[in-house]
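Let me begin by presenting the structure, written as structure tokens, before commenting on it.
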Amino acid sequence: MNVKDTAAADFEEFVNACSPRLLRFAWLLTGDAHLAEDLLQTALAKVWPKWPRISGEHSEAYVRKTIVHTHASWWQRRWRGEIPYGELPDTAATGSDAFSALHSDHALAQAMRQLPKRQRAVIVLRYFEDMSVEDTAEVLGCSPGTVKSQASRAVRALRKTLLDKEPQAASGQEVNVPTEDERHLRRPSRR
């Protein structure tokens, strides 16, 4: 087996192992399953030519960073894609993984889509991917202070959006978006 075949086999193994996590990550950024698939495919296509050089211990982090930067370039374009004119009917979520559970939580998904793209990226990286402030800042190419302020604004907006939803209060569901201090009490830090 030559070097090119070894790299192809290694890349294929990586894609098979990491695609579900990376697709979930892309979905959290885009809020749309089809755009998430396109985003992941585009990022993997960008990474493939560099694979022999970047494969290894941090290859998934490199692909995540490529996904974030590709997504950022998409929202810098003038045209944002198709604009739906109505809500599609809910489909029953199958499976018990976190992606299905999150997909079924329509209120949170809608609230996330209302956030500005930068705040959404911060929320996904900090709370869904459980990255530290410093790691998030590195991925987004900004300062840790910017990550903290964007996270604070995003959590405040999510809390306001989710608490203003009357149907949830009527159904007895309690919406609890953790504050920054509560988050650190519940999970150990990665620092």
Side-chain angles (χ1 to χ4, degrees), residues 1-77 79-82 84 88-113 115 117-141 147 151 154 187-188 190:
M1 208 181 237
N2 64 23
V3 175
K4 196 171 191 175
D5 292 338
T6 304
D10 184 41
F11 186 71
E12 185 176 343
E13 183 180 320
F14 170 80
V15 169
N16 289 335
C18 298
S19 282
R21 289 189 303 274
L22 293 171
L23 182 60
R24 176 181 167 269
F25 177 70
W27 182 81
L28 288 166
L29 286 176
T30 62
D32 180 90
H34 300 291
L35 283 176
E37 290 173 357
D38 290 345
L39 179 59
L40 178 57
Q41 289 296 326
T42 303
L44 290 173
K46 287 180 177 182
V47 168
W48 164 242
K50 304 170 191 169
W51 189 253
R53 192 181 47 180
I54 63 167
S55 67
E57 185 179 331
H58 301 292
S59 53
E60 188 171 349
Y62 188 91
V63 174
R64 285 181 193 278
K65 191 170 187 173
T66 304
I67 289 171
V68 168
H69 289 292
T70 302
H71 185 241
S73 72
W74 283 7
W75 30 278
Q76 290 172 352
R77 294 187 208 160
W79 184 67
R80 304 284 190 253
E82 295 178 10
L88 296 174
D90 286 337
T91 57
T94 58
S96 61
D97 65 332
F99 180 77
S100 296
L102 183 61
H103 189 27
S104 67
D105 191 352
H106 189 63
L108 179 59
Q110 278 186 320
M112 287 287 291
R113 282 192 297 269
L115 291 176
K117 304 291 185 184
R118 186 70 159 197
Q119 289 180 11
R120 187 184 316 160
V122 168
I123 290 295
V124 169
L125 292 169
R126 287 283 290 134
Y127 300 107
F128 289 99
E129 297 300 321
D130 200 27
M131 290 180 137
S132 69
V133 171
E134 293 78 17
D135 291 343
T136 302
E138 183 181 331
V139 168
L140 295 176
V147 170
R187 290 191 210 155
R190 285 182 157 187

What heavy-atom pair brings [X] and [Y] nearest, and what distance separates the two atoms?
X: I123; Y: A151; value: CD1-O, 4.2 Å
X: W48; Y: A8; value: CH2-CA, 3.7 Å
X: V147; Y: R126; value: CG1-CD, 4.0 Å
X: T30; Y: R120; value: O-NH1, 3.3 Å
X: C18; Y: E60; value: SG-OE1, 3.5 Å
X: I54; Y: V47; value: CD1-CG1, 3.2 Å

Side chains of [X] and [Y]: does their closest heavy-atom pair fall under 4.5 Å?
X: L115; Y: M112; answer: yes
X: L28; Y: Y127; answer: no
X: L40; Y: F25; answer: no

Got a second to check how far [X]'s [atom1] is from [Y]'s [atom2], nearest 0.5 Å?
X: Q41; Y: L22; atom1: CD; atom2: CG; value: 11.0 Å
X: M131; Y: L140; atom1: CE; atom2: CG; value: 9.0 Å
X: T6; Y: W51; atom1: OG1; atom2: CH2; value: 13.5 Å

Does E129 pair with R21 as a salt bridge, N-O distance under 4.0 Å? no

Kindly indicate, with the supporting measurements, whether the criterion side-chain contact (heavy atoms from CB on, under 4.5 Å) is fulfilled by R64 and V139. CA-CA 8 Å; R64 285 181 193 278; V139 168; 5.9 Å; no

Using a 3.5 Å distance criterion without hydrogens, assess whether the side chain of S19 forms a donor-acceptor pair with backbone atoms of N16. no

